[in-house]
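Numbering of residues begins at 1 and proceeds along the displayed sequence. Every number for a ligand or one of its atoms is a count from 1 in the order of the listing.
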Amino acid sequence: MALVNENFLKLQKNYLFVDIARKVNAFKATHPKANVIRMGIGDVTQPLAPACIEAMHKAVEEFSSKETFHGYGPEQGYDFLQEEIIKNDFAPRGIKLDTSEIFISDGAKSDTGNIGDILALDNIFGVTDPIYPVYIDSNVMAGRTGVIDEKGYWSNVHYMPCNAENNFIPEIPDRHLDFVYLCYPNNPTGTVITKSELKKWVDYALANDCIILYDAAYEAFIQDPTLPHSIYEIKGAKKCAIEFHSYSKTAGFTGVRCGYTVIPKEVMAVTENGDKVSLNQLWLRRQCTKFNGASYITQRGAAAIYTPEGKEQVKKTIDYYMDNARLLSGALKELGIQTFGGENAPYIWFKTPHGESSWSFFESMLYDAHLVSTPGVGFGPSGEGYIRLTAFGQREDCEEAVSRLKNWIK
Ligand SMILES: *Cc1c(COP(=O)(O)O)cnc(C)c1O
């Protein structure tokens, strides 16, 4: 009989959103008439920008005749999209990149989850706590994390707690790390990093030969013009950082699937013999072997985000979500609850008012106000005592949620 990859058995049994769904279903079974409002899972609700729809319709038509049909595309993505990315997401910020440094993919989850393929198993890596669970679980599957303790910490992972006490700024490690995951604006806390804080990380990475895996999935939600949209806005970052982007939250592509990863040619790792190897080359090889590219139709849809109409339409949807965020965090603040995030990110993170545990508050909120949240502890031990709300819902639901919160927490 085949032996299984036992690393998979080390994964914690329960997946956060499965647990939540189970609890919500149990509530619904006993309260069939309740109008439950979901502010839990981070999925978008507004339709795609018409510019994207139109571009994808046109792309579908091309498949209908042999003259304009498309077969396999380049594994790295089409240059029409790579060029728009460089022209719109990087050049205006003074960042120079080549199309060969942009890898189009089916989203940032795959890329943040797969990037570990090109790094050795005995590397020591760091994560913020709380964290987007993919960064840890993909390393558990790879066998890089060691053993888990009763609090939920893995022995080979360096954790950097982020909480109200340190204003959600992870402390620069006092030890060597080979790579580190950073995500700003942050999921789950909705908090941001300033250029000067990010510069400390780039300096640390350069001084320690550490690679920063920078997840910029929420950069489009940044409202404060002084905040960095890309780590490459920081001098030296092209030598030490890989950056992940996604159209999922930016442009409602969660169901369409498209994103991209930037690996500058200068980012190097080392062999056991001490030879430097470009990670761009390794990732290209990895993608060409294991990935056949995002679909042509999808990439045409993504390119339309960068047209004048596309930009305007996408911004309107982001503004809609950010208005939701302001509504929700404004209401919580009025109730005297300390909230974080929600200003440059579609997530609101708050401390439970009387020190309840995340799950206990989650259940009261579900049973008393019929509102679904996400328990902060699901994102890591330091999330205990916190709750995450998403601003991705319908406006009417947000307004209703606000009025229920005001009646419930008095
Ligand atoms: C939603 C999200 C992503 C994007 O995932 P896709 O696979 O592109 O849909 C990446 N990172 C974080 C932190 C996210 O919350």
Side-chain angles (χ1 to χ4, degrees), residues 15-17 20 38-46 48 52 77 81 85 89 102-116 125-139 160 162 168 170 180-193 212-222 229-231 241-262 287 290-291 293-295 298-299 301-302 305 314 317-318 321 325 340-342 344-349 374 376 378-380 383 388-393:
Y15 179 55
L16 175 62
F17 292 103
I20 293 174
R38 292 170 188 271
M39 295 182 292
I41 290 192
D43 198 358
V44 295
T45 55
Q46 301 304 299
L48 280 194
C52 300
L81 179 54
I85 288 168
D89 290 347
I102 310 284
F103 295 84
I104 313 291
S105 69
D106 63 352
K109 188 193 247 185
S110 329
D111 285 2
T112 52
N114 289 326
I115 195 74
F125 71 98
V127 291
T128 60
D129 169 28
I131 190 194
Y132 179 55
V134 173
Y135 311 151
I136 296 256
D137 288 355
S138 58
N139 280 289
M160 303 174 289
C162 291
F168 298 91
V180 64
Y181 295 86
L182 295 178
C183 172
Y184 289 103
N186 189 257
N187 178 14
T189 66
T191 56
V192 295
I193 195 163
I212 299 175
L213 303 174
Y214 195 75
D215 188 340
Y218 295 93
E219 62 81 20
F221 292 84
I222 292 176
H229 286 253
S230 164
I231 193 170
I242 292 175
E243 184 165 279
F244 304 93
H245 285 252
S246 166
Y247 297 112
S248 284
K249 321 298 165 35
T250 311
F253 270 48
T254 52
V256 179
R257 310 303 309 143
C258 197
Y260 66 90
T261 293
V262 183
Q287 290 299 78
K290 290 195 176 183
F291 185 60
S295 87
T298 301
Q299 292 187 63
I305 295 168
V314 162
T317 306
I318 289 177
Y321 292 136
F340 306 93
N344 296 285
Y347 296 115
I348 294 125
W349 185 252
T374 310
F379 299 101
R388 187 191 78 172
L389 296 183
T390 85
F392 284 131

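For the ring pair (Phe, Tyr, Trp, His ring centres under 6.0 Å) with Y321, the lone residue among F392, Y218, Y347 that qualifies is F392. Of the residues Y135, Y132, Y181, Y184, the one that meets the side-chain hydrogen bond (donor to acceptor under 3.5 Å, both in side chains) test with D215 is Y135.
Proximity of a side-chain donor or acceptor of H229 to a complementary backbone N or O of E219 within less than 3.5 Å is detected. The backbone N or O of I348 lies less than 3.5 Å from no partner atom in the side chain of R388, so there is not a single donor-acceptor pair.
Protein residues having a heavy atom under 4.0 Å from any atom of ligand 1 are G107, A108, K109, Y132, Y135, C183, N187, D215, A217, Y218, S246, S248, K249, R257, listed by chain and number.
Using a 3.5 Å distance cut-off with no hydrogens or angles, the side chains of D43 and T254 do pair a donor with an acceptor.
Remark: F244 pairs with no residue by the ring pair (Phe, Tyr, Trp, His ring centres under 6.0 Å) rule, at least two apart or across chains.
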